[in-house]
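Note that the coordinates shown come from a computational prediction; the quantities given were computed from them, not determined experimentally.
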Amino acid sequence: MRWILRGVGTLVVLVVVALAALLLFPTDRIARVAESQFEQATGRALSISGGVSPTLWPRLGVTLEDVTIANADWAGAEPMVEAGKLDVGVGVSALFGGDVVVEAFEVEAPVIRLSRRADGVANWDFLTELGGGGDDGPSRINSISLPKGTISGGSVLFEDAAAGVSHVLTALDATLRLDDLAGAAQVDVSALLSEQSFSLSAEVNGLQPLLEGGVQGLTASLVVGDNQLSFDGVAGIDPPQGKGGLEASLRDPASLFALAGQAAPRIPEGLGQRIEAEGNLTLTPDMNVFFRNATLALDQNRLAGDVDMDLSGAVPQVTARLAGDVLDFSALSTDTSAQDGAANVESGGWSTARIDVSGLSAVDGAFSFKANAVDLGSIQLGATDMVGRLDRARMVFTLNKVTAFEGDVTGQFVINNRGGLSVGGDLAASGVAMSHVLSDFVGFERLRGDAGLSLKFLGSGGNMDAIMRSLSGTGRMSVGAGELDGLDIAGMIRNLDAAYVGEGSKTVFDAITAGFEIAGGVLRNDDLAFDAQLVTATGAGVLDLGGQSVEYRLIPVALANEDSSGITVPVKITGPWSDISFRPDLKWLADRKLDKEKEALKAKARAREEELKAQAEAKLARELGVETGDGRSVEEAVKDKIEDQAKDALRRLFD
């Protein structure tokens, strides 16, 4: 807001001019003298094209009409300041040659044009020279005090070619109280910026040193909508810098974004719909911000730590070190504010509500985060220690150690919004409770046991449904001793009865291992190995992650020392996740038995065919008088006999 203060400082100059006008009676000469003295002091032309008249009521003073101050040569033809009317009230002592004591001034509808060139030169730089006395001794301007000055209905146009920004301030109402230019000053401002109203109150130890680029004691409070920020410390405005205590209560983020001319992103509950912050703030001249020993309340969540920001580039660089106790981010998975996705969730599918991660493009940086517990809605985390890096809308979380599902998870998780949203990861877990994992991800709670898991995955899409239907990856699972509730495999095998399914039924096992591949949102497994005290089993099938359904066959075999019959009764596991069913697959068993009988008949037929063939060859050999021993066929024996006879005939021919 330093350019606002520049505007107020400019109006102080008009007060000085008004005082000179009052003291240089008669009034027909006042305007000309004031114009001349102002131009000699500042190098800028002052024009009073309207009347200049003393006033005695309601206060002693002077009124100037249609006042303008010329702009810098490089800043354009329009004046730096235009004021339709300027009323100045002074103390009675001014009439008798005493110190000039300004009791009040009022400016109606001023237009102030502030600009800075690319090389940093500003059109208001002449203001900093007004307080110096030079060789002629201390300037009388320094002795001016202002118990109260007001501006109503003003506007400020600010252009900064160095920073490449411009702002327009309208509906400006301000009150200024000034001991003297080098002393304490208090200003209260209300205005519209980007059509958003705000109010600013500030008290500075020395106005002129502040305008000259010095660092002065400053207390300030900014109110924007239902947001309030207060600062108590020291600060400078050219270049911007400061150090002190900051308190912020941000309950209306939309107003803050509107003040910056931006649309507010949708922020889930728990991530800062309401923010309370307190800490030590340092702003350096090179636009680095250090917020240390900070406490942050993001809605119901409380965090403590340090936040550093580098604001010198096009994209802010943020480094944060934060820690909390028990944090609630459940809205990340339960937010159904997008109505187009709510119906899909209610029908049992994944949400089709658009996932808004546009905030990933707002900043770059890195963070470290620790908490004793984190509620993510569908997933409950215990002690959490992670670091992250955000670079051009791609966030990489490195999990040093995260307690989840009663086990430990390590690895990386990535959210990438470069050219469309995608998520991926390379995770490893140990000691996780499978009942919790399957319950949270597929709604299945019947498998109990601790597991080791490894998973690599990648998915893309604008909503959860699209991501789940696009998933690809690989993984492996190894479960130790546990039980499968709702299914008594041994009882089902012994009795060929589906009654061994349901409440009270269970199968105790020693181990389960399985690998899997994911493509197009469908998980496929063909190497499940199930080892139990009474049975062993293999399994294969698919888990449709996108469609939330399962089609799987478990093939158990009773151990010989427990059941000499060795009966195998496959179990078919099918249905949507909301209603998974287990039943003996007797058709598969019948088909397998039929296949075995077919193979037996084929083998018997092949044996009979070989037997008949051997008998026929033996009979033919006898009739032809050949021997078929040593594995020779009849054809080979006949061929050998003919060759022998031909050789004998040739020998007799030459004897």
Ser361 versus Val315, closest heavy-atom pair with distance = O-CG1, 4.4 Å
Flag, side chain of Asn463 to backbone of Ala353, donor-acceptor distance under 3.5 Å = no
ask   = Cut-off 3.5 Å, side chains only: do Asn288 and Asp286 have a donor facing an acceptor?
value = yes
Derivation and outcome, salt bridge (Lys or Arg N to Asp or Glu O under 4.0 Å), residues Arg113 and Glu159 = CA-CA 8 Å; Arg113 299 178 179 88; Glu159 295 279 349; over 6 Å; no
ask   = More than 12 foreign heavy atoms under 6.0 Å from CZ of Arg292: is that the case here?
value = yes
request  = State whether the side chain of Asn416 and the backbone N or O of Arg418 hold a donor-acceptor pair below 3.5 Å, judged by distance alone.
outcome  = yes
message = Has Ser221 got a side-chain atom pairing as donor or acceptor with Thr219's backbone, closer than 3.5 angstrom?
response = no
task = Quick one: do Gln300 and Asp328 satisfy side chain to side chain donor-acceptor pair (under 3.5 Å)? Show the steps, please.
result = CA-CA 7 Å; Gln300 68 273 27; Asp328 180 6; 3.2 Å; yes
request  = Return the minimal non-hydrogen interatomic distance between Ser312 and Asp310, and the atom names on each side.
outcome  = OG-OD1, 2.7 Å
query = Under the side chain to side chain contact (heavy atoms under 4.5 Å, CB included) criterion, do Leu210 and Val215 qualify, and how do the steps go?
reply = CA-CA 6 Å; Leu210 182 70; Val215 175; over 6 Å; no
request  = Would you please test Arg274 and Asp252 for salt bridge (Lys or Arg N to Asp or Glu O under 4.0 Å) and show each step?
outcome  = CA-CA 7 Å; Arg274 302 172 306 281; Asp252 182 15; over 6 Å; no
ask   = Is there a donor-acceptor pair under 3.5 Å between the side chain of Asp299 and the backbone N or O of Gly272?
value = yes
task = Carefully, step by step, assess Thr384 and Phe369 under the rule side chain to side chain contact (heavy atoms under 4.5 Å, CB included).
result = CA-CA 8 Å; Thr384 300; Phe369 174 78; 4.3 Å; yes
ask   = Does the pair Val542 and Leu523 meet the rule for a side chain to side chain contact (heavy atoms under 4.5 Å, CB included), with working shown?
value = CA-CA 6 Å; Val542 299; Leu523 183 151; over 6 Å; no
inquiry  = Ignoring hydrogens, what is the shortest heavy-atom contact between Phe509 and Arg448? Give both atom names and the distance.
reply    = CZ-O, 3.5 Å
query = Can you tell which of Asp306, Thr284, Leu281 makes a side-chain contact (heavy atoms from CB on, under 4.5 Å) with Phe290?
reply = Thr284
query = Asn525 side chain to Gly515 main-chain N or O, any donor-acceptor pair under 3.5 Å?
reply = yes
request  = For the pair Leu172 and Ser155, evaluate side chain to side chain contact (heavy atoms under 4.5 Å, CB included) and give the outcome as yes or no after the intermediate values.
outcome  = CA-CA 6 Å; Leu172 172 64; Ser155 60; 5.9 Å; no
ask   = Taking NZ, NE, NH1 and NH2 as the nitrogens, is one of them in Asp385 or Lys401 under 4.0 Å from a carboxylate oxygen of the other?
value = no
query = With a 4.5 Å heavy-atom cut-off, do Asp408 and Thr410 have their side chains touching?
reply = no
inquiry  = For the residue pair Gln412 / Asp426, report whether a side-chain donor-acceptor contact shorter than 3.5 Å exists.
reply    = no
query = More than 12 foreign heavy atoms under 6.0 Å from CZ of Arg524: is that the case here?
reply = no
query = Is the closest side-chain heavy-atom distance between Val307 and Val318 below 4.5 Å?
reply = yes
query = Do the rings of Phe397 and Phe367 sit parallel, tilted or perpendicular, given the 30° and 60° boundaries?
reply = perpendicular
inquiry  = Give me the atom names and distance for the closest heavy-atom approach of Leu545 to Trp350.
reply    = O-NE1, 2.8 Å
Can you list, pair by pair, the side-chain donor-acceptor contacts under 3.5 Å of residues 470-478, counting residues two or more places apart and other chains?
residue: Ser470; atom: OG; partner: Ser460; partner atom: N; Å: 2.9
residue: Ser470; atom: OG; partner: Ser460; partner atom: O; Å: 2.9
residue: Ser470; atom: OG; partner: Ala466; partner atom: O; Å: 3.2
residue: Ser470; atom: OG; partner: Ile467; partner atom: O; Å: 2.9
residue: Arg476; atom: NH1; partner: Asp527; partner atom: OD2; Å: 3.3

remark   = Of all heavy-atom pairs linking Leu296 and Ala277, the shortest is CD2-CB, 3.5 Å
request  = Indicate yes or no for a side-chain donor-acceptor contact from Asn227 to the backbone of Val224 under 3.5 Å, with no hydrogens or angles considered.
outcome  = yes
Acceptor/donor pairs from residues 189-201 side chains to any protein atom, 3.5 angstrom cut, sequence neighbours excluded:
residue: Ser201; atom: OG; partner: Asp188; partner atom: OD1; Å: 2.7

Validation row: Phe329, Asn301 side chains within 4.5 angstrom (heavy atoms) = yes
message = Are Val402 and Val374 packed together at the side-chain level, in the sense that at least one heavy-atom pair is separated by less than 4.5 angstrom?
response = no
ask   = Does a salt bridge link Asp364 with Arg389, judged by any charged N lying under 4.0 Å from a carboxylate O?
value = no
note = Shortest non-hydrogen pair, Ala75 vs Asn123, comes out as CB-CB, 4.4 Å
request  = Name all residues meeting the salt bridge (charged side-chain N to carboxylate O under 4.0 Å, His left out) criterion together with Glu276; count only those two or more places apart in sequence or in a different chain, and write none if there are none.
outcome  = Arg251
key: Test side-chain contact (heavy atoms from CB on, under 4.5 Å) applied to Val479 and Val432, Thr513, Ile512, the passing residue   = Ile512
